[in-house]
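Notes follow once the structure below has been shown.
Chain naming here is simple, since letters A, B, ... match the order of the sequence lines and numbering starts at 1 in each.
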2 protein chains.
Amino acid sequence: MKSAETRENILDAADRLFYRQGYENTSFADIADEVRISRGNFYYHFKSKDEILDAVIEARLSDTRDMLRQWEADSDDPADRIRSFIRIVIVNGADIERFGCPVGTLNAELAKLDHGAKDNAVALFGLFRSWLTEQFVALGRTEDADDLAMHVLAFSQGVASLSNAFRDPAFVEREVDRMCRWLDGILAPTG
Amino acid sequence: MKSAETRENILDAADRLFYRQGYENTSFADIADEVRISRGNFYYHFKSKDEILDAVIEARLSDTRDMLRQWEADSDDPADRIRSFIRIVIVNGADIERFGCPVGTLNAELAKLDHGAKDNAVALFGLFRSWLTEQFVALGRTEDADDLAMHVLAFSQGVASLSNAFRDPAFVEREVDRMCRWLDGILAPTG
DNA sequence: TCAGAAATAGGACAAATATCCTAGATCAAA
DNA sequence: TTTGATCTAGGATATTTGTCCTATTTCTGA
C-alpha cells in the first residue's frame, strides 16, 4: 500500500513547514511542492487543512512520548532525566534560534487564530508537564512537584524565546547552567 | 488636519489586531472595518502592509520608552524598578493569558515569516534588555548586569508563554514571587 | 488477466487579499 | 467664493488559497 507512505511524507513536510513558517503561513501548495505531489492527491489523504494540523499535532505527541521514554531509559535518576529536558534548548539550539520552540510557537499561533486545535497543542505542553512532575515526585517533592515542573517548563520557554530573538548560544548555555544549579539546590537544600 | 487623527486610528487598530490575531492573520479589511474606513483611504496613509507594521513597532517602541521612564519616575531604587518589570506579567495578566506577550509573539511570528521587520521587533526586546541592564549596574552588578537582565527577560517570556497555554493566574503569581525572592538573593548574597 | 478499488494528477472555482486607480468630498487659504 | 491640495470612498484587478471534481493511472485480489 503506497497510501501510508504518501500520507507519512505529507505529514513530515507539513510538520516541518508548520514549524518553520507557521501554520497559517503555510499553504497547501507549499506542502504539495515539498512532497512533489499534486493538490488533488493531497485531498485524497487529508480532507482539510485543519485535519493535517490535527495529524501533525498527533504525530508530535507521539514523538514526544518516545523522547520521554528514551530519557527514562537513559537514566534511572529523576534528576538526570530532568537535566535531559533542561538541555533540549542546547540540543535543538540551532532550530530554536531560527524558529523558536515548536511547542510554544505553535501554541501562541493557535491562540491568536482562536483555533480549535489549540487544546491539542496545549496537550503537548501537558506531556512535558506531567512527565516532569513525575520526576519531581520521584525526587520526593510530592507537594510542589507540579509547581517545579511548571518552573522548568517556563525556563525552557523563556530561553527559547530569547534565543530566537537574540540568537546568542552563550546566553542559552548560561541559563542552562543556572537551571542545573537550581536543580542541584532542589536536590540538596542548604536549610 | 484630519489626516493625523485617521492615521492614529489606523495605527491603534493595527496595533491591537496584530497583537490579538497576529500580523499575517490580520487583513487590511480587518483593520479598515475596525476603524470604519475604506480600503482606499487606508492606502492614502500607508503604502503597504509592511509600512503599517513598521509604524506599529515604532509606536510600541515609543510606548515602551514611556513605560520605562514611568518606572524610573516611580522609584529611585533599581530593585523596585526591576520589580516593576517582573510584575508586568501580573499587571497585563488578562491579555497575556489570551494573546501571549506582545513582544515575544510578534518576534516569533516575524522570525517564521522571515520578515525584514524582525530586527525592529528585536529592538523592542533590546529596550527592556538595556534598561534592565542599567538597573543591575546601578545595583553594583557591573560585570554580569547584562546576563542578569537576560535572565529576568527570560523569566517574563517563559511565564507569558505558559500563561497563554494553561491560563493559570496562580502559576503566574508563584513565578513572580519566586523571581522576587531571586532578586532579593541578588541584593543580599548569603555568601 | 481483468475488474474493481485505491491512488494520483491537474483543472475549475469561489472566497479572500494586497494593491491600484479614479472620482467625489472636504478643507484651508487667497 | 474659488481654487488647489488633502482626504476619503469604493470599484477593479491580479494573485493566492482552500476546496471540489473528474479523468487517468496504479495496484490488488480473484
Next item on the list: For Tyr43(A) and dA7(C), give me the distance from atom OH to atom P, rounded to whole Å.
Entry: 18 Å
Note to self: Between Asn41(B) and Lys49(A), which residue's closest nucleotide on DNA chain D lies nearer the 5′ terminus?
What the structure shows: Asn41(B)
Note to self: Whether Thr6(B) contacts dC7(D) is assessed here as follows: a side-chain N or O lying under 4.0 Å from the phosphate OP1 or OP2. Is that the case?
What the structure shows: no
Check: Whole Å only: how far is the CG atom of Leu53(A) from the P atom of dG18(D)?
Finding: 13 Å
Next item on the list: Quick one: closest heavy-atom pair of Leu61(B) and Leu127(B), and the distance?
Entry: O-CD2, 3.5 Å
Check: Atom CZ of Phe28(A) to atom P of dA9(C): distance rounded to whole Å?
Finding: 16 Å
Checklist line | Nucleotide dA9(D), atom C1' - distance to CG of Asp33(B) in whole Å | finding: 14 Å
Item checked: Whole angstrom value for the distance that separates C1' of dA5(C) from OH of Tyr44(A) -> 8 Å
Note to self: What is the separation between atom CD1 on Ile31(A) and atom P on dT17(D), rounded to the nearest whole Å?
What the structure shows: 11 Å
Note to self: If you compare every side-chain N and O of His45(A) against the phosphate oxygens of dT8(C) (OP1, OP2), does one of them come in below 4.0 Å?
What the structure shows: yes
Next item on the list: Determine: side-chain N/O of Ser38(A) to OP1/OP2 of dG10(C), distance under 4.0 Å, yes or no.
Entry: no
Check: Of Phe136(B), Phe155(B), Phe128(B), which is the lone residue that meets ring-ring contact (aromatic ring centres under 6.0 Å, His included) with Phe85(B)?
Finding: Phe128(B)
Checklist line | Spacing between Arg39(B) atom CZ and dT22(C) atom P, to the nearest angstrom | finding: 16 Å
Check: Is the ring centre of Phe166(A) less than 6.0 Å from the ring centre of Phe171(A)?
Finding: no
Notebook entry, point to check: Relative to the 5' end of DNA chain C, which residue comes earlier, Arg36(A) or Tyr23(B), by the nucleotide with the nearest heavy atom?
Noted result: Arg36(A)
Notebook entry, point to check: Separation of Ile10(B) atom CD1 from dC7(D) atom P, in whole Å?
Noted result: 11 Å
Next item on the list: Fit a plane to each ring of His115(B) and Tyr23(B), take the angle between them on a 0 to 90° scale, and name the class: parallel (under 30°), tilted (30 to 60°) or perpendicular (over 60°).
Entry: perpendicular
